[in-house]
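For reference, the structure discussed in these notes is given below.
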Amino acid sequence: APPVERPVVAAVYSVPVEQQWVSRLHIVLTAAEARGEIEYRFSENISNTDFERVMRQYAEAGAHLVTGDSFALEAAARRVARDYPQTAFLMGSSGKAQAPNFAVFDNYIQEPSYLTGMIAGGLSKNGKIGMVGGYPIPEVNRLMHAFMEGAREINPKVTFSVLFIGSWFDPPKAKEAAFAMIDSGVDVLYAERFGVSDAAKERGVLAIGNVIDTQAQYPQTVVASALWDMAPTLNAAIARVKAGTFVGEDYGQYSLMKHQGSSLAPLGTFEGKVPAELMAKVREREAAILDGSFIVKVNDSEPKSSAR
Amino acid sequence: MEWLDLLGQNAFWVSLLRLATPLILGTLGVLLCERAGVLNLGIEGIMVAGAFVGWLSVYAGAPLPVGVLAAALAGAAFGALHGFLTVPLALSQHVSGLGVTMLATSLSYFSYRVLLPGQTTPPTITPFAEMRWLEGLPLIGPVLAGQTILTLMALLAVPLLVLFFKYSPLGLAIRLVGESPAAAEGQGLSVVKLRIGAIMAGSALMGVAGSFLTLAAFNAFFFNMVSGRGWICVALVVFASWRPGKALLGALIFAFFDALQLRLQQGAVQLPGLSGLPYQLYLMLPYLLSILALMLMSRRAAYPQALMKPYRKGER
Amino acid sequence: MLTLERRATISARALALAPLAAIGFTLMISTLLLALAGAPVGRAFALLIEGAFGSRFALAETLTRATPLMLTGLACALAFRARFYNIGAEGQLYLGALAAVAVGGSTLPLPAPLLFVLMLLAAASAAALWLLLSALLKNRLGVDEVVTTLLGNFIVLLFVSMMLDGPMKDPLAMGWPQSVTLAPELEFSRLMERTRAHSGLLLALMLAVLLWLMQRYSKLGLAIRAVGASPSAAKFLGLPSTRTLLITALISGALAGLAGAVEVAGRTGYVTLEMSTGYGYTGVVVAMLAALHPLRVILASIFIAAILVGADSMSRSLGVPNYLADVIVASALLSMLVASLFAHYRLRLRA
Amino acid sequence: MNALELTGISKRFGSLLANDNISLTLKSGEVLALLGENGAGKSTLVSILFGHYRADSGHIKVFGEPLPAARPDLALKAGIGMVHQHFTLADNLSVLDNILVGTEPLWHFRSQRGKACGKLTELGQRFGLQVDSNARVGSLSVGEKQRVEILKALYRGARILILDEPTAVLTPQESEALFATLREFVAGGLSVIFISHKLDEVMAIASRVVILRHGKRVAECTTQSHSAAQLAELMVGRKVLMPRLSTQAKAAVGAAPLLRLIKVSAGSGRGALQPLSLSVQAGEILAIAGVSGNGQQTLVSLLCGLIAPTSGHIQLRGQSAPKKPAQWTAAGVSRIPEDRQQQGSIGDCPLWENAIAEDLSNGAFVRFGLIRQSAAKRFTRALMEQFDVRADSIETPAKSLSGGNLQKLIVGRALSREPQLIVADQPTWGLDIGAVAYVREQLLAARERGAGILLVSEDLAEVFALADRIAVLCGGRLVACKAAAEWDLTRLGLAMMGHQEQEEAAAC
Ligand SMILES: Nc1ncnc2c1ncn2[C@@H]1O[C@H](COP(=O)(O)OP(=O)(O)OP(=O)(O)O)[C@@H](O)[C@H]1O
Ligand SMILES: Nc1ncnc2c1ncn2[C@@H]1O[C@H](COP(=O)(O)OP(=O)(O)OP(=O)(O)O)[C@@H](O)[C@H]1O
Ligand SMILES: [Mg+2]
Ligand SMILES: [Mg+2]
């Protein structure tokens, strides 16, 4: 495709933009538009049935870059990309990129997740950690596994309670699930969904954040978070669209720590409350990850409770 | 933990009651409509509207009780629409109800987006506090103390509704329009007024049920957060054979299994043969057991005879 | 006071004007909301029509949408005729889809046409048997079908989720819960090149006509109507109430199951957890808008699909939150419902 | 002052002009009878009066005050009480609730149930209309429901009482009691409009008669100046001869009975049948007399195949009787149910479907699972012609027929099948006198043809007119069974009240 000055970027989201995952894209694109770099359009909460049509409509309307989360609709999204070879597609996907114009990315933030796991493992007094998720999909599973690995590094005897509420959108339910975990003795919670940190806050246990930083809302509760920043990914893609050099490749690496696509959130209110020797181990791992000497495994299988 | 220990655990009952509250309120709402002879499938959307309007009012600065009132009014407004379509116009109660669900849901979402365009994390409010002052009550004190005032309201609404249907002239009149609108008309009662009134009152309860989610169980409004709770209420009314007491029981049973599955799934409670299953089976539990309970209860119950039958004055 | 008065004869003019009136009213509402959202109001109507029918692409999208709605609409229309309130078409659709993939995605060494037929049969029977269960519970134990079918939706969805996480998960889907993909030769052929419209539509149309003939001309049709209209009379008159109920349930379930198969083989190619956008529930709406008449189900489903697609496209063109589309669909639905009244009634103003 | 003045009332239903410019007055302290054939427009007129329907034109004055149209609540307030032809009762509520509802201010906290119950009991005693005020209405017999309807009006202290065929299902004793009530009622200056097809009742209770035909008011006269026969003629437009049984039963003595019940019991609770035995011979009419609610419903359900006996057995032509309704019809049994709306017809289906609904296994109407519509419609037209069923067309839904016309359709359907056994429950209930004559004629003709007929009726005149033998049901027991000639009205009435004559054997 020819170079463009100010590309039109269209996003198709299968969930509302408040959802943590897509909010990462939405924020970056809104900012890029504010800077005048792009023109941004989006459609949110698009059902499975409509997803393909909306993609086509954007492509048809001349969007230069189409992005969004296409997980459940891989085949359809690729079909659309094939039909519009002049348009760049950068879709959240667990699959492979596809020439010439279908690029993929995903929330590869297992590295900071591992680090938050270490903190959780070190902070849990009784070695019981709880995790509440929406559905066991790869995007969730890999972070949970990395988190568990990290926790086990610090405390090999730690046990995990795992629970899925079967919805992306039910904070009251997630909160209730977290309460149930706290009732059974869990003292650190992995907050994959909204609602979990609220339960932790009310009961005075600790929580670990995921994807976004919520410490501002829960200053006494959220110790650490694995943050995802889509800016490196999207900026790279936008730059290529502008230059007319966009091709179907895997943007997954841009979510890694070394590209600043993900990071361990600053301790903030917990500065000084996490034991120094624990933090030293964490920093050491962080450095090892950054210099490539430590690799966090990606494990997409469904995590299971190890608590009894 | 052993299964029996769970029943002795206050926290379990606190959780159960919290899960049950929106179901109790919603079920009573549907019950009121259906006792007057009108099915109200608008509940799922009316709960969304209640959750949204209640939350929005508080977010805009209103005190919490005013938020609940606003939710009730929003519910009543959609109830009035449903009532107008199904009673004087006698249109299909199914379509009108599903239409109201769509309308209430989409209007709420649309308004949310228009009013709060730039949000990426949902803004929060300070929800109702727990009623710690009830701690001292014998037996139920610790369980009630973990609830908010809305749960207390829901619980009190049950006996009130029982008494209402049993003893008050208005309750009797509402039952009559649900059984035989022709008879009601013959007794000089206005079928239209009674039915619309009952639907509006019932829908107001549904609105409050929705507001429980944003003003008590959680502190922010989310898209899709009602998550099918409304449909469950529709089912619970049948389960309850249209009786408020049994509606409470039904909601509690459903919530019981829901609270139980949350504990089984994470392995906090062990039941023989019920550990380590796919998580979906745990989520299925409340639905399956509700149907089972329905099968076991002898329920060729007398349902309101005029339910879902449109009535147009002066026609056969 | 405003009163309704029954017309002596059905007014053909009112019948024809009803959809227009409904759209007009809906537009008033949408205009208001558009103004609220600060969007240009003027072209909304044209954009809606354009989005639904204005191009080959739009038309194809509308028809693609209408296809499963037609089938679930028929499923509900038939069941409701017998006063068997099947609110579970959503779940039946998923079961049908799952069964279709179980057969169509298998490696059975059969010729494609045979496999195709087997696939449809499997979808129809899986859903039919599931609904039969509700019918039996109603018949034997008096368990209300509204409850069992409604809760059944949740159960089926969880079951599908379990299957997609377990035995039916596509090992090539990168861990995402989705089923294996159908072989391309099992898919419905395209009706138009480079669009999604597929020949599942023809299947749905054919079934609508068949169903109409059955209801109108067969003994079973009479029995279904009689059992629905007056169970006590049907019993007295010696009509086979139980058998009729069970057959109705089987056919209704089969239709909803076929909707699932048609979606899989016509649109998605595989099963995911969110493949239906409430087609089962919208089927109830379609059925009632069509006054339970199989042929009118065709029109009702196209009407609803057109509004859905057109309004969605319009909201995108005008740059307003796309939730507006759902508002438009809902108000179109309700005003259409009211408008349909005027074929049979006239409004009278009285002193 | 006139209690009521109706002026120029017209009402159209679609193409049908049900009331055509009708005017009438009702004086205080008078009983006015409204007569007319089935479908003449009587119910429509009184429905307009009460506010159920809205007249297209015309107006109404009550005690000189104009009565707003279509406002039952105002009609009630003005002192009009209405007993509808078809019950408007809620089956799931108690008798008391049905009566009490709407009589108290809605916004009170508590119903005054105790007081209401006392008042009701008192009313029941005074007017001879006893019912258990706590009983669920759905469990009552038709006769009892009728009493509840009347009590509803009396409870409100109506000053003008409209009774649309109130006695259709009452026993003579009950009717007598009702008349006593009405006399007391008018003696106190109150007024009554009375609709009935039973002319002797009209003669006994009414002073003035208005006759409608095809929606028009065609005549007015007094009961002094006219005889019942003259009224009938005015109503129907021709002389009516009420057919009576005139021949001896043809059945050979000792021949095997067509239908035999051997120590059969059935049902439970009220209306349960105690073990009873009876038989019906070919070519005879066995009438079952009794106050409704004494087991007739159970007996008929049994013989329609709706329920199974709890003990004993039933034989049809010496064979064990079939189990299902369809098999009963297939075995040559025709059934005329008491409840023409809930059982006899499918209200939403067109007349022609109703006409053949019992015969879906008959090759004449159904082939290869498909309905032969032309044959079915031809049959229906003939049936409607023969039995004088008046309706717009054969596509009219059954529910829009007048009660009488619907009854004619059902009777016609039953008789046109040339059955060997007919189970007829109140076959002439609500029919006009011409239609009654026709149905009785048809029943007698079927008997002549050799059919056996089990006739359940509370109309003793009908019982005496048609029956070869009469049996009496009381409390679910067969208390007496004798040839018709051995009965007289007094003894029959006594037997119905349960005064059993000692030597009677409880079999028949
Ligand atoms: N609600 C209605 N809709 C349409 N037609 C009606 C309605 N009510 C009555 N009719 C018609 O009006 C005519 C008069 O009916 P009406 O009930 O007044 O007769 P009737 O004199 O009471 O007859 P019957 O002796 O059989 O009770 C009938 O032809 C009937 O079909
Ligand atoms: N909806 C309707 N459409 C057309 N005609 C109707 C309708 N309803 C009633 N009718 C006509 O009105 C007439 C009387 O109806 P209605 O039911 O009031 O009579 P009825 O008093 O019940 O009869 P009966 O006294 O013989 O028991 C009938 O001829 C019937 O055909
Ligand atoms: Mg009559
Ligand atoms: Mg009448």
Side-chain angles (χ1 to χ4, degrees), chain C residues 1-11 77 80-83 139 209-245 247-248 250-251 291-293 343-351, chain D residues 12-16 54 56 68-71 300-301 304-307 322 324-330 333 335-350 352-362 365-373 376 392 397-400 410 413:
Chain C
M1 192 183 62
L2 238 43
T3 54
L4 283 173
E5 191 173 284
R6 200 169 179 94
R7 291 179 198 266
T9 53
I10 296 177
S11 156
F80 282 31
R81 233 341 144 207
R83 284 239 173 108
N139 190 257
V209 173
L210 269 181
L211 216 59
W212 173 68
L213 291 174
M214 184 275 275
Q215 273 191 25
R216 201 180 144 93
Y217 293 105
S218 77
K219 179 174 157 181
L220 177 63
L222 172 61
I224 288 175
R225 274 180 289 123
V227 168
S230 175
S232 53
K235 180 165 185 222
F236 179 88
L237 294 172
L239 294 167
S241 308
T242 305
R243 192 170 7 130
T244 306
L245 172 73
I247 293 178
T248 307
L250 284 174
I251 301 180
L292 308 187
H293 190 295
H344 299 272
Y345 290 83
R346 65 164 60 91
L347 217 48
R348 270 278 171 89
L349 196 64
R350 292 187 196 264
Chain D
R12 182 177 280 285
F13 291 111
S15 60
L16 182 119
R54 180 191 289 272
D56 298 329
R71 290 290 300 272
V300 171
S301 300
C304 289
L306 292 175
I307 60 172
K324 292 186 178 158
Q327 294 165 337
W328 278 83
T329 30
V333 181
R335 304 151 314 144
I336 301 169
E338 175 186 40
D339 189 339
R340 55 197 170 209
Q341 290 175 315
Q342 295 302 316
Q343 298 201 304
S345 65
I346 307 155
D348 287 324
C349 288
W352 68 267
E353 288 189 350
N354 272 287
I356 60 155
E358 263 185 322
D359 284 301
L360 293 185
S361 39
N362 183 341
F365 299 131
V366 176
R367 205 161 39 186
F368 310 124
L370 296 181
I371 292 179
R372 306 174 70 178
Q373 289 205 2
D392 275 0
K399 68 178 173 193
S400 70
I410 292 168
R413 178 177 71 196

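Reminder, nothing fancy here: chain letters follow the sequence lines and each chain counts from 1. Computed from a prediction, not measured in an experiment: that's the story for all the values here.
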Next on the checklist: Using a 3.5 Å distance criterion without hydrogens, assess whether the side chain of D:Trp328 forms a donor-acceptor pair with backbone atoms of D:Pro322.
Outcome noted: yes
Item to check | Atom of D:Leu360, atom of C:Lys219 and distance for their closest heavy-atom approach | outcome: O-NZ, 3.3 Å
Checklist outcome for this item: residues 225-234 of chain C vs salt bridge (Lys or Arg N to Asp or Glu O under 4.0 Å), sequence neighbours excluded, gives C:Arg225-D:Glu353
Item to check | Residue among D:Asn354, D:Asp348, D:Ile371 with most heavy-atom pairs under 4.5 Å to chain C | outcome: D:Ile371
Checklist outcome for this item: So, the part of D:Ser345 with a heavy atom under 4.5 Å from chain C: the answer is backbone
Item to check | Closest-packed option against chain C by number of heavy-atom pairs under 4.5 Å, given D:Ala326, D:Ala69, D:Pro337, D:Ser301 | outcome: D:Pro337
Next on the checklist: Go through it in stages, so that I can follow the logic: the residues are C:Leu220 and C:Met214, the test is side-chain contact (heavy atoms from CB on, under 4.5 Å), and I'd like the CA-CA distance, side-chain angles, deciding distance and then a yes or no.
Outcome noted: CA-CA 7 Å; C:Leu220 177 63; C:Met214 184 275 275; 4.0 Å; yes
Next on the checklist: Only pairs of heavy atoms separated by less than 4.5 Å count here; which of D:Arg335, D:Arg12, D:Gln341, D:Gln342 has the most with chain C?
Outcome noted: D:Arg335
Item to check | Toward chain C, the part of D:Gln373 with a non-hydrogen atom under 4.5 Å | outcome: side chain
Checklist outcome for this item: The side-chain contact (heavy atoms from CB on, under 4.5 Å) partners of D:Arg367 (sequence neighbours excluded) come to D:Arg372
Checklist outcome for this item: Heavy-atom nearest pair, C:Gln215 first then C:Leu292, reads OE1-O, 4.2 Å
Checklist entry - Does the side chain of C:Leu237 reach to within under 4.5 Å of the side chain of D:Ile346, using non-hydrogen atoms? => result yes
Item to check | Residues of residues 238-245 of chain C contacting chain D, heavy-atom criterion under 4.5 Å, by residue number | outcome: C:Gly238, C:Leu239
Next on the checklist: Can you list everything that forms a side-chain contact (heavy atoms from CB on, under 4.5 Å) with C:Pro231? Sequence neighbours excluded, please.
Outcome noted: none
